[in-house]
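Heads up, the thing below is written out as C-alpha coordinates.
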Protein chains: 2
Amino acid sequence: MGRNKEFDTTVVLRKAMEVFGHYGYEGTSLQILLDGLGIARQSLYDTYGTKKDLFISAVKHYTNEKSAAVLTRLDRSGSVKAAVADIFREIAAVLKDEARRKECFIMHSAIDQVPHVPEIAAFFEQDASRLEEAFYQALVRAYEQGELSERHSDLRALARYLNHSRYSLTQAAKLTSDPKVLDDIVKVTLSALDS
Amino acid sequence: MGRNKEFDTTVVLRKAMEVFGHYGYEGTSLQILLDGLGIARQSLYDTYGTKKDLFISAVKHYTNEKSAAVLTRLDRSGSVKAAVADIFREIAAVLKDEARRKECFIMHSAIDQVPHVPEIAAFFEQDASRLEEAFYQALVRAYEQGELSERHSDLRALARYLNHSRYSLTQAAKLTSDPKVLDDIVKVTLSALDS
DNA sequence: ACAGTATTAGACTGTTTGGTCCAAAAATGG
DNA sequence: CCATTTTTGGACCAAACAGTCTAATACTGT
(Lines give C-alpha, C1' and ligand atoms only; values in the text may rest on other atoms or scores of the structure.)
Protein backbone atom coordinates (compact mmCIF):
# COMPACT_ATOMS: atom_id res chain seq x y z
CA MET A 1 0.00 0.00 0.00
CA GLY A 2 1.01 3.63 -0.33
CA ARG A 3 1.79 5.71 -3.37
CA ASN A 4 4.22 4.30 -5.94
CA LYS A 5 7.40 5.92 -7.11
CA GLU A 6 6.66 8.07 -10.11
CA PHE A 7 10.12 8.21 -11.65
CA ASP A 8 12.35 5.39 -12.84
CA THR A 9 15.35 5.52 -10.51
CA THR A 10 17.79 4.39 -13.18
CA VAL A 11 16.52 6.96 -15.65
CA VAL A 12 17.08 9.67 -13.07
CA LEU A 13 20.48 8.16 -12.31
CA ARG A 14 21.34 8.56 -15.97
CA LYS A 15 20.32 12.21 -15.83
CA ALA A 16 22.55 12.59 -12.79
CA MET A 17 25.48 11.28 -14.85
CA GLU A 18 24.84 13.97 -17.43
CA VAL A 19 24.59 16.78 -14.89
CA PHE A 20 27.63 15.72 -12.89
CA GLY A 21 29.48 15.10 -16.13
CA HIS A 22 28.79 18.59 -17.38
CA TYR A 23 29.36 20.62 -14.23
CA GLY A 24 31.67 18.36 -12.26
CA TYR A 25 30.86 17.19 -8.76
CA GLU A 26 31.72 20.42 -6.95
CA GLY A 27 30.42 22.55 -9.79
CA THR A 28 26.97 21.00 -9.53
CA SER A 29 24.86 22.96 -7.08
CA LEU A 30 21.81 21.34 -5.59
CA GLN A 31 19.62 23.66 -7.65
CA ILE A 32 21.31 22.69 -10.93
CA LEU A 33 21.09 19.06 -9.92
CA LEU A 34 17.38 19.19 -9.13
CA ASP A 35 16.62 21.05 -12.35
CA GLY A 36 18.53 18.41 -14.29
CA LEU A 37 16.89 15.47 -12.56
CA GLY A 38 13.39 16.93 -12.74
CA ILE A 39 12.43 15.80 -9.27
CA ALA A 40 11.84 17.64 -6.03
CA ARG A 41 14.42 18.20 -3.33
CA GLN A 42 12.85 15.81 -0.88
CA SER A 43 12.48 13.07 -3.45
CA LEU A 44 16.22 13.22 -4.02
CA TYR A 45 17.09 12.88 -0.35
CA ASP A 46 14.48 10.17 0.23
CA THR A 47 15.59 8.11 -2.76
CA TYR A 48 19.35 8.58 -3.04
CA GLY A 49 20.54 10.23 0.15
CA THR A 50 22.89 13.19 -0.04
CA LYS A 51 24.42 14.76 -3.13
CA LYS A 52 27.57 12.74 -2.56
CA ASP A 53 25.59 9.51 -2.19
CA LEU A 54 23.87 10.16 -5.49
CA PHE A 55 27.18 10.93 -7.14
CA ILE A 56 28.73 7.70 -5.94
CA SER A 57 25.68 5.73 -7.07
CA ALA A 58 25.82 7.32 -10.50
CA VAL A 59 29.53 6.66 -10.88
CA LYS A 60 29.18 3.04 -9.88
CA HIS A 61 26.18 2.47 -12.09
CA TYR A 62 27.93 4.00 -15.08
CA THR A 63 31.14 2.08 -14.55
CA ASN A 64 29.43 -1.24 -13.94
CA GLU A 65 27.38 -0.88 -17.09
CA LYS A 66 30.39 -0.08 -19.26
CA SER A 67 32.60 -2.72 -17.70
CA ALA A 68 29.95 -5.39 -18.11
CA ALA A 69 29.72 -4.61 -21.81
CA VAL A 70 33.48 -4.98 -22.19
CA LEU A 71 33.60 -8.24 -20.27
CA THR A 72 30.79 -9.68 -22.35
CA ARG A 73 32.55 -8.97 -25.61
CA LEU A 74 35.88 -10.27 -24.40
CA ASP A 75 34.32 -13.52 -23.26
CA ARG A 76 32.91 -14.34 -26.65
CA SER A 77 34.81 -17.01 -28.53
CA GLY A 78 36.28 -16.09 -31.88
CA SER A 79 38.74 -13.40 -32.81
CA VAL A 80 40.01 -11.44 -29.84
CA LYS A 81 41.30 -8.69 -32.06
CA ALA A 82 37.85 -8.29 -33.56
CA ALA A 83 36.34 -8.14 -30.08
CA VAL A 84 38.76 -5.44 -28.97
CA ALA A 85 38.11 -3.50 -32.16
CA ASP A 86 34.39 -3.78 -31.46
CA ILE A 87 34.84 -2.44 -27.96
CA PHE A 88 36.74 0.62 -29.07
CA ARG A 89 34.55 1.38 -32.04
CA GLU A 90 31.51 1.17 -29.79
CA ILE A 91 33.07 3.68 -27.41
CA ALA A 92 33.85 6.00 -30.30
CA ALA A 93 30.30 5.65 -31.58
CA VAL A 94 28.85 6.66 -28.22
CA LEU A 95 31.24 9.61 -27.92
CA LYS A 96 30.26 10.83 -31.37
CA ASP A 97 26.56 10.68 -30.53
CA GLU A 98 25.49 14.06 -29.17
CA ALA A 99 22.84 12.48 -26.96
CA ARG A 100 24.68 9.45 -25.63
CA ARG A 101 28.05 11.07 -25.02
CA LYS A 102 26.84 13.38 -22.25
CA GLU A 103 26.64 10.78 -19.52
CA CYS A 104 30.18 9.57 -20.26
CA PHE A 105 31.68 12.72 -18.87
CA ILE A 106 30.79 11.69 -15.35
CA MET A 107 33.93 9.60 -15.68
CA HIS A 108 35.98 12.77 -15.71
CA SER A 109 34.28 14.11 -12.59
CA ALA A 110 34.71 10.74 -10.91
CA ILE A 111 38.45 10.67 -11.54
CA ASP A 112 38.52 14.18 -10.10
CA GLN A 113 37.12 12.87 -6.85
CA VAL A 114 39.41 9.86 -6.54
CA PRO A 115 41.78 11.65 -4.11
CA HIS A 116 38.91 12.88 -1.95
CA VAL A 117 36.37 10.06 -1.90
CA PRO A 118 37.94 6.80 -0.70
CA GLU A 119 34.91 4.81 -1.78
CA ILE A 120 35.38 5.90 -5.37
CA ALA A 121 39.12 5.27 -5.25
CA ALA A 122 38.60 1.75 -3.98
CA PHE A 123 35.87 1.09 -6.51
CA PHE A 124 38.03 2.21 -9.43
CA GLU A 125 40.98 0.22 -8.21
CA GLN A 126 38.90 -2.92 -8.12
CA ASP A 127 37.25 -2.24 -11.46
CA ALA A 128 40.57 -1.51 -13.16
CA SER A 129 42.19 -4.70 -11.96
CA ARG A 130 39.17 -6.72 -13.01
CA LEU A 131 39.22 -5.20 -16.48
CA GLU A 132 42.98 -5.44 -16.85
CA GLU A 133 42.80 -9.10 -15.99
CA ALA A 134 40.02 -9.66 -18.51
CA PHE A 135 42.04 -7.98 -21.24
CA TYR A 136 45.07 -10.02 -20.25
CA GLN A 137 43.22 -13.33 -20.39
CA ALA A 138 41.77 -12.39 -23.74
CA LEU A 139 45.22 -11.54 -25.06
CA VAL A 140 46.56 -14.88 -23.85
CA ARG A 141 43.79 -16.55 -25.79
CA ALA A 142 44.60 -14.42 -28.80
CA TYR A 143 48.20 -15.53 -28.60
CA GLU A 144 47.19 -19.17 -28.39
CA GLN A 145 44.93 -18.68 -31.40
CA GLY A 146 47.83 -17.24 -33.34
CA GLU A 147 46.33 -13.75 -33.58
CA LEU A 148 49.42 -12.04 -32.20
CA SER A 149 52.96 -11.95 -33.52
CA GLU A 150 56.28 -12.22 -31.72
CA ARG A 151 56.13 -8.40 -31.59
CA HIS A 152 53.67 -8.68 -28.71
CA SER A 153 55.92 -10.12 -26.08
CA ASP A 154 54.47 -8.27 -23.10
CA LEU A 155 50.79 -9.11 -22.88
CA ARG A 156 50.50 -7.59 -19.42
CA ALA A 157 51.65 -4.23 -20.73
CA LEU A 158 49.27 -4.54 -23.64
CA ALA A 159 46.37 -5.28 -21.30
CA ARG A 160 47.13 -2.25 -19.18
CA TYR A 161 47.41 -0.14 -22.27
CA LEU A 162 44.05 -1.23 -23.62
CA ASN A 163 42.27 -0.58 -20.36
CA HIS A 164 43.87 2.84 -20.05
CA SER A 165 43.00 3.73 -23.63
CA ARG A 166 39.39 2.96 -22.97
CA TYR A 167 39.20 5.64 -20.28
CA SER A 168 41.30 8.16 -22.13
CA LEU A 169 38.95 8.33 -25.10
CA THR A 170 36.44 10.17 -22.96
CA GLN A 171 39.04 12.80 -22.20
CA ALA A 172 39.79 13.17 -25.88
CA ALA A 173 36.10 13.64 -26.59
CA LYS A 174 35.95 16.46 -24.07
CA LEU A 175 38.75 18.28 -25.86
CA THR A 176 37.57 17.92 -29.42
CA SER A 177 34.20 17.77 -31.10
CA ASP A 178 35.73 16.56 -34.35
CA PRO A 179 34.63 12.95 -34.90
CA LYS A 180 37.54 12.36 -37.26
CA VAL A 181 40.00 12.93 -34.44
CA LEU A 182 38.33 10.28 -32.32
CA ASP A 183 38.34 7.84 -35.23
CA ASP A 184 42.03 8.51 -35.83
CA ILE A 185 42.90 7.90 -32.19
CA VAL A 186 40.97 4.64 -32.16
CA LYS A 187 42.57 3.53 -35.41
CA VAL A 188 46.10 4.02 -34.15
CA THR A 189 45.25 2.62 -30.73
CA LEU A 190 44.04 -0.60 -32.31
CA SER A 191 47.17 -0.79 -34.46
CA ALA A 192 49.03 -1.76 -31.31
CA LEU A 193 47.58 -5.23 -31.90
CA ASP A 194 48.73 -5.42 -35.51
CA SER A 195 51.55 -7.71 -36.45
CA MET B 1 60.95 53.24 -5.84
CA GLY B 2 58.68 51.46 -3.41
CA ARG B 3 58.89 48.04 -1.86
CA ASN B 4 59.72 45.10 -4.10
CA LYS B 5 57.67 41.94 -4.55
CA GLU B 6 58.72 39.39 -2.00
CA PHE B 7 57.56 36.27 -3.76
CA ASP B 8 58.52 34.95 -7.17
CA THR B 9 55.30 35.11 -9.16
CA THR B 10 56.12 32.01 -11.20
CA VAL B 11 56.97 30.01 -8.08
CA VAL B 12 53.58 30.95 -6.65
CA LEU B 13 52.00 30.13 -10.00
CA ARG B 14 53.50 26.68 -9.72
CA LYS B 15 52.00 26.27 -6.26
CA ALA B 16 48.66 27.31 -7.73
CA MET B 17 48.97 24.49 -10.26
CA GLU B 18 49.42 22.03 -7.42
CA VAL B 19 46.49 23.33 -5.40
CA PHE B 20 44.10 23.53 -8.35
CA GLY B 21 45.37 20.15 -9.54
CA HIS B 22 44.59 18.53 -6.23
CA TYR B 23 41.23 20.09 -5.40
CA GLY B 24 39.96 21.04 -8.85
CA TYR B 25 38.90 24.57 -9.73
CA GLU B 26 35.55 24.54 -7.97
CA GLY B 27 36.86 22.40 -5.14
CA THR B 28 39.53 24.95 -4.28
CA SER B 29 38.18 27.45 -1.75
CA LEU B 30 39.93 30.77 -1.39
CA GLN B 31 41.17 29.69 2.03
CA ILE B 32 42.72 26.48 0.68
CA LEU B 33 44.22 28.45 -2.16
CA LEU B 34 45.80 31.07 0.10
CA ASP B 35 47.17 28.42 2.44
CA GLY B 36 48.71 26.63 -0.52
CA LEU B 37 50.20 29.73 -2.06
CA GLY B 38 51.55 31.07 1.22
CA ILE B 39 50.59 34.66 0.45
CA ALA B 40 47.96 36.96 1.83
CA ARG B 41 44.51 37.51 0.38
CA GLN B 42 45.24 40.99 -0.86
CA SER B 43 48.51 39.98 -2.49
CA LEU B 44 46.62 37.44 -4.54
CA TYR B 45 44.08 39.96 -5.81
CA ASP B 46 46.74 42.61 -6.43
CA THR B 47 49.04 40.28 -8.33
CA TYR B 48 46.77 37.87 -10.19
CA GLY B 49 43.25 39.24 -10.06
CA THR B 50 40.38 36.92 -9.15
CA LYS B 51 40.52 33.21 -8.44
CA LYS B 52 39.47 32.53 -12.01
CA ASP B 53 42.15 34.86 -13.38
CA LEU B 54 44.81 33.02 -11.40
CA PHE B 55 43.48 29.68 -12.57
CA ILE B 56 43.64 30.72 -16.21
CA SER B 57 47.16 32.09 -15.75
CA ALA B 58 48.30 28.87 -14.12
CA VAL B 59 46.77 26.73 -16.86
CA LYS B 60 48.35 28.77 -19.62
CA HIS B 61 51.73 28.84 -17.92
CA TYR B 62 51.71 25.09 -17.41
CA THR B 63 50.60 24.32 -20.94
CA ASN B 64 53.03 26.71 -22.57
CA GLU B 65 55.90 25.26 -20.60
CA LYS B 66 55.07 21.68 -21.54
CA SER B 67 54.32 22.47 -25.15
CA ALA B 68 57.56 24.39 -25.57
CA ALA B 69 59.52 21.39 -24.31
CA VAL B 70 57.80 19.14 -26.84
CA LEU B 71 58.35 21.54 -29.74
CA THR B 72 62.03 21.89 -28.86
CA ARG B 73 62.62 18.17 -28.95
CA LEU B 74 60.68 17.66 -32.14
CA ASP B 75 62.66 20.37 -33.89
CA ARG B 76 65.99 18.74 -33.22
CA SER B 77 67.52 17.01 -36.20
CA GLY B 78 68.23 13.32 -35.93
CA SER B 79 65.92 10.44 -35.21
CA VAL B 80 62.29 11.49 -34.84
CA LYS B 81 61.39 8.22 -33.18
CA ALA B 82 64.06 8.85 -30.58
CA ALA B 83 62.71 12.35 -30.00
CA VAL B 84 59.17 11.07 -29.51
CA ALA B 85 60.42 8.37 -27.18
CA ASP B 86 62.27 11.04 -25.22
CA ILE B 87 59.13 13.14 -24.92
CA PHE B 88 57.04 10.32 -23.54
CA ARG B 89 59.70 8.97 -21.23
CA GLU B 90 60.16 12.47 -19.81
CA ILE B 91 56.43 12.73 -19.14
CA ALA B 92 56.48 9.36 -17.41
CA ALA B 93 59.48 10.41 -15.35
CA VAL B 94 57.70 13.53 -14.14
CA LEU B 95 54.54 11.59 -13.33
CA LYS B 96 56.52 9.06 -11.32
CA ASP B 97 58.20 11.80 -9.28
CA GLU B 98 56.11 12.46 -6.17
CA ALA B 99 57.15 16.11 -6.09
CA ARG B 100 56.96 17.03 -9.76
CA ARG B 101 53.78 15.18 -10.63
CA LYS B 102 51.54 17.33 -8.46
CA GLU B 103 51.41 20.34 -10.73
CA CYS B 104 50.51 18.17 -13.74
CA PHE B 105 47.07 17.50 -12.37
CA ILE B 106 46.00 21.05 -13.11
CA MET B 107 45.55 19.69 -16.61
CA HIS B 108 42.66 17.60 -15.38
CA SER B 109 41.01 20.58 -13.71
CA ALA B 110 41.58 22.65 -16.82
CA ILE B 111 39.86 20.12 -19.08
CA ASP B 112 37.02 20.17 -16.57
CA GLN B 113 36.55 23.88 -17.16
CA VAL B 114 36.69 23.74 -20.96
CA PRO B 115 32.90 23.81 -21.34
CA HIS B 116 32.55 26.71 -18.90
CA VAL B 117 35.51 28.99 -19.57
CA PRO B 118 35.66 30.02 -23.24
CA GLU B 119 39.16 31.45 -22.79
CA ILE B 120 40.49 28.04 -21.76
CA ALA B 121 38.61 26.28 -24.54
CA ALA B 122 40.08 28.59 -27.15
CA PHE B 123 43.53 28.30 -25.66
CA PHE B 124 43.47 24.50 -25.71
CA GLU B 125 42.13 24.41 -29.23
CA GLN B 126 45.00 26.56 -30.42
CA ASP B 127 47.59 24.66 -28.45
CA ALA B 128 46.34 21.29 -29.66
CA SER B 129 46.43 22.27 -33.32
CA ARG B 130 49.92 23.70 -32.90
CA LEU B 131 51.16 20.52 -31.29
CA GLU B 132 49.36 18.23 -33.70
CA GLU B 133 50.97 20.09 -36.58
CA ALA B 134 54.40 19.81 -34.98
CA PHE B 135 53.98 16.07 -34.53
CA TYR B 136 52.77 15.78 -38.10
CA GLN B 137 55.73 17.66 -39.55
CA ALA B 138 58.09 15.57 -37.47
CA LEU B 139 56.45 12.39 -38.73
CA VAL B 140 56.79 13.57 -42.33
CA ARG B 141 60.47 14.08 -41.69
CA ALA B 142 60.67 10.65 -40.09
CA TYR B 143 59.10 9.14 -43.17
CA GLU B 144 61.55 10.93 -45.44
CA GLN B 145 64.39 9.70 -43.26
CA GLY B 146 63.14 6.15 -43.66
CA GLU B 147 62.22 5.76 -40.01
CA LEU B 148 58.66 4.63 -40.73
CA SER B 149 57.41 1.64 -42.65
CA GLU B 150 54.54 1.30 -45.11
CA ARG B 151 52.45 0.34 -42.05
CA HIS B 152 52.28 4.03 -41.18
CA SER B 153 50.18 5.29 -44.03
CA ASP B 154 48.18 7.86 -42.08
CA LEU B 155 50.60 10.32 -40.53
CA ARG B 156 47.81 12.74 -39.64
CA ALA B 157 46.11 10.09 -37.52
CA LEU B 158 49.43 9.21 -35.93
CA ALA B 159 50.07 12.86 -35.05
CA ARG B 160 46.66 13.20 -33.43
CA TYR B 161 47.22 10.00 -31.54
CA LEU B 162 50.57 11.12 -30.17
CA ASN B 163 49.22 14.46 -29.02
CA HIS B 164 46.25 12.80 -27.37
CA SER B 165 48.44 10.22 -25.66
CA ARG B 166 50.52 12.96 -24.13
CA TYR B 167 47.51 14.36 -22.29
CA SER B 168 46.06 11.02 -21.36
CA LEU B 169 49.11 9.94 -19.41
CA THR B 170 48.23 12.45 -16.71
CA GLN B 171 44.84 10.84 -16.35
CA ALA B 172 46.45 7.43 -16.02
CA ALA B 173 48.73 8.79 -13.30
CA LYS B 174 45.72 10.00 -11.35
CA LEU B 175 44.22 6.51 -11.41
CA THR B 176 47.27 4.49 -10.49
CA SER B 177 50.28 5.07 -8.32
CA ASP B 178 52.06 2.05 -9.78
CA PRO B 179 55.03 3.29 -11.84
CA LYS B 180 55.11 0.02 -13.76
CA VAL B 181 51.68 0.70 -15.19
CA LEU B 182 52.80 4.07 -16.54
CA ASP B 183 55.91 2.49 -18.05
CA ASP B 184 53.80 -0.19 -19.69
CA ILE B 185 51.43 2.35 -21.20
CA VAL B 186 54.31 4.40 -22.56
CA LYS B 187 55.99 1.31 -23.97
CA VAL B 188 52.93 0.20 -25.92
CA THR B 189 52.10 3.77 -26.95
CA LEU B 190 55.53 4.14 -28.51
CA SER B 191 55.18 0.80 -30.27
CA ALA B 192 52.73 2.53 -32.59
CA LEU B 193 55.81 3.88 -34.33
CA ASP B 194 57.48 0.48 -34.70
CA SER B 195 57.69 -1.12 -38.08
C1' DA C 1 62.97 62.07 6.18
C1' DC C 2 59.79 61.05 2.68
C1' DA C 3 56.81 59.35 -0.86
C1' DG C 4 55.52 55.15 -2.93
C1' DT C 5 54.66 50.35 -3.00
C1' DA C 6 54.07 45.54 -0.88
C1' DT C 7 52.45 42.62 2.70
C1' DT C 8 49.63 41.24 6.19
C1' DA C 9 45.65 40.01 9.18
C1' DG C 10 41.20 40.65 9.91
C1' DA C 11 36.67 42.72 9.53
C1' DC C 12 32.88 42.85 6.56
C1' DT C 13 29.27 41.91 2.94
C1' DG C 14 25.87 39.87 0.15
C1' DT C 15 25.24 35.53 -1.94
C1' DT C 16 25.16 30.74 -2.30
C1' DT C 17 25.87 26.42 -0.39
C1' DG C 18 24.00 21.53 1.17
C1' DG C 19 20.72 19.87 4.02
C1' DT C 20 16.43 19.72 7.02
C1' DC C 21 11.74 20.53 8.06
C1' DC C 22 6.92 21.34 7.18
C1' DA C 23 2.37 21.04 5.18
C1' DA C 24 -0.66 20.10 1.63
C1' DA C 25 -1.95 17.35 -2.36
C1' DA C 26 -2.04 12.92 -4.82
C1' DA C 27 -1.87 8.19 -5.35
C1' DT C 28 -2.20 3.35 -3.56
C1' DG C 29 -4.09 -1.17 -1.58
C1' DG C 30 -6.90 -3.08 1.93
C1' DC D 1 -12.94 5.39 4.06
C1' DC D 2 -8.39 4.96 5.75
C1' DA D 3 -3.76 4.28 6.67
C1' DT D 4 0.44 4.71 4.14
C1' DT D 5 3.51 6.51 1.07
C1' DT D 6 5.25 9.81 -2.60
C1' DT D 7 5.59 14.20 -4.49
C1' DT D 8 5.95 18.95 -4.34
C1' DG D 9 7.23 23.75 -3.25
C1' DG D 10 8.74 26.70 -0.14
C1' DA D 11 10.48 28.10 4.31
C1' DC D 12 14.39 27.82 6.95
C1' DC D 13 19.23 27.26 8.74
C1' DA D 14 24.05 27.51 9.83
C1' DA D 15 28.13 27.40 7.30
C1' DA D 16 30.97 28.57 3.60
C1' DC D 17 31.71 31.19 -0.36
C1' DA D 18 34.38 34.97 -3.37
C1' DG D 19 35.61 39.35 -3.13
C1' DT D 20 36.29 44.20 -1.04
C1' DC D 21 38.05 47.26 2.26
C1' DT D 22 40.82 49.10 6.07
C1' DA D 23 44.70 49.95 8.75
C1' DA D 24 49.08 48.95 10.31
C1' DT D 25 53.63 47.52 9.18
C1' DA D 26 57.75 46.86 6.23
C1' DC D 27 60.65 47.74 2.61
C1' DT D 28 62.70 50.75 -1.28
C1' DG D 29 65.04 54.59 -3.90
C1' DT D 30 65.54 59.50 -3.79
Between [atom2] on [N] and [atom1] on [X], what's the gap in Å once rounded to a whole number?
| X | N | atom1 | atom2 | value |
| --- | --- | --- | --- | --- |
| Y48(B) | dA6(C) | OH | C1' | 13 Å |
| N4(A) | dG29(C) | CG | C1' | 9 Å |
| D46(B) | dG4(C) | CG | C1' | 14 Å |

Nucleotides bounding contact with chain A, strand DNA chain D, heavy-atom threshold 4.0 Å |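 Footprint of chain A along DNA chain D, 5' to 3': dT4(D) to dG9(D).
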Check against salt bridge (charged side-chain N to carboxylate O under 4.0 Å, His left out), R100(B) and E18(B) | CA-CA 9 Å; R100(B) 285 190 297 162; E18(B) 296 185 9; over 6 Å; no
Whether [X] side chain and [Y] backbone form a donor-acceptor pair below 3.5 Å:
| X | Y | value |
| --- | --- | --- |
| T47(A) | L44(A) | no |
| H108(A) | G24(A) | no |
| T50(B) | D53(B) | yes |

Which residues pass the side chain to side chain donor-acceptor pair (under 3.5 Å) test with [X], sequence neighbours left out?
| X | answer |
| --- | --- |
| R73(B) | none |
| E90(B) | none |
| K180(B) | none |

Where along residues 5-14 of chain B does a heavy atom come under 4.0 Å from DNA chain D, residue by residue in number order?
->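 Under 4.0 Å from DNA chain D: no residue of residues 5-14 of chain B.
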Tabulated below should be each protein N or O lying under 3.5 Å from an N or O of nucleotides 11-14 of chain C; please produce it.
none

Would you kindly check whether a donor in the side chain of R3(A) faces an acceptor in the base of dA27(C), or vice versa, at under 3.5 angstrom?
->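 No, no donor-acceptor pair under 3.5 Å.
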Indicate yes or no: does R156(B) engage E132(B) in a salt bridge with an N to O separation below 4.0 Å.
->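 Between E132(B) and R156(B) there is a salt bridge, with a charged N closer than 4.0 Å to a carboxylate O.
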Carboxylate-amine/guanidinium contact K52(B) E119(B), below 4.0 Å =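 No, this pair does not count.
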Does Y25(A) have K51(A) sitting over its ring (NZ/CZ under 6.0 Å from centre, angle to axis within 45°)?
->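 Checked: cation-pi criterion met.
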Interface residues of residues 20-39 of chain A with DNA chain C (non-hydrogen, below 4.0 angstrom) |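 By residue number: T28(A), S29(A), L30(A).
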Who passes side chain to side chain contact (heavy atoms under 4.5 Å, CB included) against [X], sequence neighbours left out?
| X | value |
| --- | --- |
| Q31(B) | S29(B), D35(B), R41(B) |
| T63(B) | V59(B), S67(B), M107(B), F123(B), F124(B), D127(B) |
| N4(A) | none |

Please list, one pair per line, the donor and acceptor atoms closer than 3.5 Å that link side chains of residues 185-195 of chain A to other protein atoms, with sequence neighbours excluded.
residue, atom, partner, partner atom, Å
K187(A), NZ, D154(B), OD2, 2.6
T189(A), OG1, I185(A), O, 2.6
S191(A), OG, V188(A), O, 2.6

Is the count of non-hydrogen atoms from other residues, nucleotides or ligands lying under 6.0 Å from F7(B) atom CZ greater than 12?
->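 Counting other residues, nucleotides and ligands, CZ of F7(B) exceeds 12 neighbours.
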End axis versus end axis in the helix from dA1(C)-dT30(D) to dG30(C)-dC1(D), the angle rounded to 10°, five pairs used at each terminus |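 Inter-axis angle at the ends, rounded: 20°.
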How do K51(B) and Q42(B) order along DNA chain D: which one's closest nucleotide is nearer the 5' end?
->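 Nearer the 5' end of the strand: K51(B).
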